[in-house]
Amino acid sequence: MPFSFSGKKSETPNNVSKPDFIPKILTMEDDLRNISSGASLDSGISDIQRESSAEIPRAHIPQAPNPFQETELPTSSMPLPNNEAQNVPEIKTNNPDVFSQQPPVKMRKGKMLMLIGIVAITIALIGGGVYYYLFVVKKKTPSSEPTIQQTTVQSNPQPIQEAKTQQNPVVTQKKDLLYTIDTPNYLPLNTEVVSDIDIYNTLSIIASRIKDNGFVDPVEFLITDQTNTPLALSRFVFLTKMNIDTKVLALLDESFALFIYNDAGTSRIGLRLSIKDPKGFTTALTSAENVLPLALKPIFLSEVQNMPKTFLFKSGMFKNEDPILHTQVEYPTRYTNVDATQRLSVDYAIVGDKWYIGTSQNTLQALLKKVTK
């Protein structure tokens with residue numbers, strides 16, 4: 001019996017499922033065609049493929065990391081100081097070594113504190129220097145007024161009780177006294193360049209100061225040269241051009257003193273000279289006294305017109321009470337008038353080995369009063 005065959009048996013096994021879709025192979029020609037027609041590149045994908053891909057849950061598909069995406073490094077949760085947070089920009093980088101190149105916050109803070117410390121130390125040093133100069137150096141510098149007051153106290157020591165009862169405190173209470181009356185005042189002259197006019201002007205200036213200060217006693221001066229060496233009498237006579245007789249000058253010692261006296265508002269000059277030989281000196285002076293006013297003219301401190309060539313001297317007597325012995329002391333004097341209107345005269349007296357000369361009667365008497373003190 002013939003056997004009929006229904007056909008070839010399927011080569012596909014029963015247990016193998018038929019694929020749901022057949023993938024379509026796309027070529028470059030298809031891509032170009034889609035681009036030119038405006039279709040999407042994925043338009044060639046069949047709806048079956050879309051549905052199949054949509055059926056696959058996305059949660060089960062692992063997401064591969066994108067190597068081209070920038071990653072943010074976690075920032076520290078610790079808050080920065082205000083000044084630091086404002087100055088530090090946010091940095092995004094894939095290289096963690098970049099942070100190691102930035103200076104640490106503590107280092108920058110330390111530098112700032114060190115700068116503040118240097119500024120504070122500099123200000124403190126400047127302030128200390130100013131304080132030392134104002135309150136230490138200046139306080140040590142003595143002023144001129146205390147020096148004058150100290151000199152006045154030393155030269156005129158007075159008990160406290162006597163100062164209250166003093167009736168004429170004009171001299172002792174002066175704060176601007178430039179000279180003393182108990183000790184000689186030094187008067188330097190530059191003997192190398194000084195002239196007789198310079199000496200006359202210097203004496204006139206000092207005389208004005210003494211008068212302005214209200215001195216009532218003769219002020220003594222010791223004439224010195226530029227090296228503070230006492231000037232010899234012969235040198236002083238030469239510089240002032242006093243034409244004293246050479247015989248008289250030869251019998252005088254080189255030491256001398258000059259006085260400036262305030263004679264009722266008029267300044268007068270007085271001299272105290274030392275005698276080597278009193279007997280020989282008296283004889284020489286008697287023969288030369290008629291021209292003595294002419295020799296003393298450079299120290300008159302006032303202009304005298306039409307002076308005669310010779311003068312006639314007269315004898316006089318000055319009496320003074322000795323303050324210790326309380327007895328009367330008499331001093332023989334010789335005098336002549338030079339200008340009666342100015343009360344200018346030449347009066348002199350010899351007391352022991354001293355020759356006192358005054359250019360007015362009151363000047364000589366004031367010098368003789370100092371002898372009995």
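Sequence positions, counted from 1, serve as the residue numbers for this chain. All values below were derived from every heavy atom in this structure, side-chain atoms included, with hydrogens, water molecules and symmetry-related copies excluded.
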Quick check on E303: does its CD atom have over 12 non-hydrogen neighbours (other residues, nucleotides or ligands) under 6.0 Å away? no

For residues L249 and D245, determine if any side-chain heavy atom of one lies less than 4.5 Å from a side-chain heavy atom of the other. no

Gap between atom CZ of F313 and atom OG1 of T286 - 0.5 Å precision: 11.0 Å

Closest contact, heavy atoms only, R343 versus N362: NH1-ND2, 4.3 Å

Answer yes if Y261 and L187 sit in the same cluster of Ile, Leu, Val, Met, Phe, Trp and Tyr residues linked by side chain heavy atoms under 4.5 Å apart, and no otherwise. no

Yes or no on side-chain contact (heavy atoms from CB on, under 4.5 Å) for L296 and V346, after CA distance, side-chain angles and deciding distance? CA-CA 9 Å; L296 299 177; V346 173; 4.0 Å; yes

Let me have the donor-acceptor pairs involving side chains of residues 276-285, under 3.5 Å, with sequence neighbours excluded, atom names and distances please.
{"residue": "T282", "atom": "OG1", "partner": "P278", "partner atom": "O", "Å": "2.9"}
{"residue": "T283", "atom": "OG1", "partner": "K279", "partner atom": "O", "Å": "3.4"}

Quick check: is L301 connected to M307 through a chain of hydrophobic side chains (ILVMFWY, heavy atoms under 4.5 Å apart)? yes

Are the side chain of N190 and the backbone N or O of V194 linked by a donor-acceptor pair below 3.5 Å? no

Taking all atoms of both residues into account, what is the closest heavy-atom pair of D347 and L364, and its distance? CB-CD2, 3.4 Å

Classify the side-chain pair Q361/S345 by whether it contains a donor and acceptor separated by less than 3.5 Å. no

Exercise: do D339 and T341 side chains pair donor with acceptor under 3.5 Å: yes

Taking it one step at a time, do E254 and S234 satisfy side-chain hydrogen bond (donor to acceptor under 3.5 Å, both in side chains)? CA-CA 7 Å; E254 294 292 354; S234 58; 3.2 Å; yes

Mark yes or no for whether N262, through its side chain, and G265, through its backbone, hold a donor-acceptor pair below 3.5 Å. yes

Hydrophobic cluster identity match, L239 and I260, side-chain contacts under 4.5 Å: yes

With no hydrogens and no angle check, just 3.5 Å: does a side-chain donor-acceptor pair link T336 and K314? no

Would you say the side chains of Q226 and T191 form a donor-acceptor pair under 3.5 Å? yes

Got a second to check how far L292's CG is from E289's CD, nearest 0.5 Å? 8.0 Å

side-chain contact (heavy atoms from CB on, under 4.5 Å) evaluation trace for N320 with L368: CA-CA 8 Å; N320 189 34; L368 295 178; over 6 Å; no

Value for CD (E330) from CE (M317), rounded to nearest 0.5 Å, stands at 5.0 Å

Working to the nearest 0.5 Å, report the span between CG of N337 and CZ of F311. 9.5 Å

S195 and D198: side-chain donor and acceptor closer than 3.5 Å? yes

Donor-acceptor side-chain pairing of D263 and S360 below 3.5 angstrom: yes

Donor-acceptor pair, distance only, cut-off 3.5 Å: does the side chain of T229 make one with the backbone of D225? no

Tightest non-hydrogen contact, residues I299 and L271, listed as CD1-CD1, 3.9 Å

S302 vs L344 side-chain heavy atoms within contact, under 4.5 Å: yes

Close side-chain approach of T180 to T183, heavy-atom, < 4.5 Å: yes

Near-ring test Y335/Y348, centroid separation under 6.0 angstrom: no

Is there a path from I269 to V304 through hydrophobic residues (I, L, V, M, F, W, Y) whose side chains come within less than 4.5 Å of each other? yes

If you take the centroid of each ring, where Trp contributes its six-membered ring, are Y331 and Y356 closer together than 6.0 Å? no

Testing the basics here: between L294 and P298, what is the closest heavy-atom pair and its distance to 0.1 Å? O-CD, 4.3 Å

Does any non-hydrogen side-chain atom of L189 lie less than 4.5 Å from one of I199? yes

Let me confirm one number: the CG-CG distance from L273 to L258, rounded to the nearest 0.5 Å. 9.5 Å

V119 side chain near I116 side chain, heavy-atom distance below 4.5 Å: no

Least distance between heavy atoms, R268 atom then F300 atom: NH1-O, 3.9 Å

Ring centre gap for F236 and F256 strictly below 6.0 Å: yes

Verdict with supporting geometry, V219 and N185, side-chain contact (heavy atoms from CB on, under 4.5 Å): CA-CA 8 Å; V219 181; N185 300 271; 3.4 Å; yes

Flag the pair W355 / V248 as yes when at least one side-chain heavy-atom distance between them is below 4.5 Å, and no otherwise. yes

Validation row: Y186, N228 side chains within 4.5 angstrom (heavy atoms): no

Rounded to the nearest 0.5 Å, the CG atom of D217 sits from the CG atom of L367 at a distance of 10.5 Å

I would like to know whether E220 and R272 meet salt bridge (charged side-chain N to carboxylate O under 4.0 Å, His left out); could you show each step before the answer? CA-CA 10 Å; E220 181 178 356; R272 184 184 66 217; 3.1 Å; yes

Could you go through I350 and I275, starting from their C-alpha distance and side-chain angles, then the distance that decides it, and tell me whether this counts as side-chain contact (heavy atoms from CB on, under 4.5 Å)? CA-CA 9 Å; I350 298 175; I275 302 173; 4.0 Å; yes

Going by heavy atoms in the side chains, are Y179 and R209 under 4.5 Å from each other? yes

Are I210 and I223 joined in one hydrophobic group, where the rule is that I, L, V, M, F, W and Y side chains link up if heavy atoms are under 4.5 Å apart? yes

Please report the closest heavy-atom contact between M242 and V237, naming both atoms and the distance. O-CG1, 2.9 Å

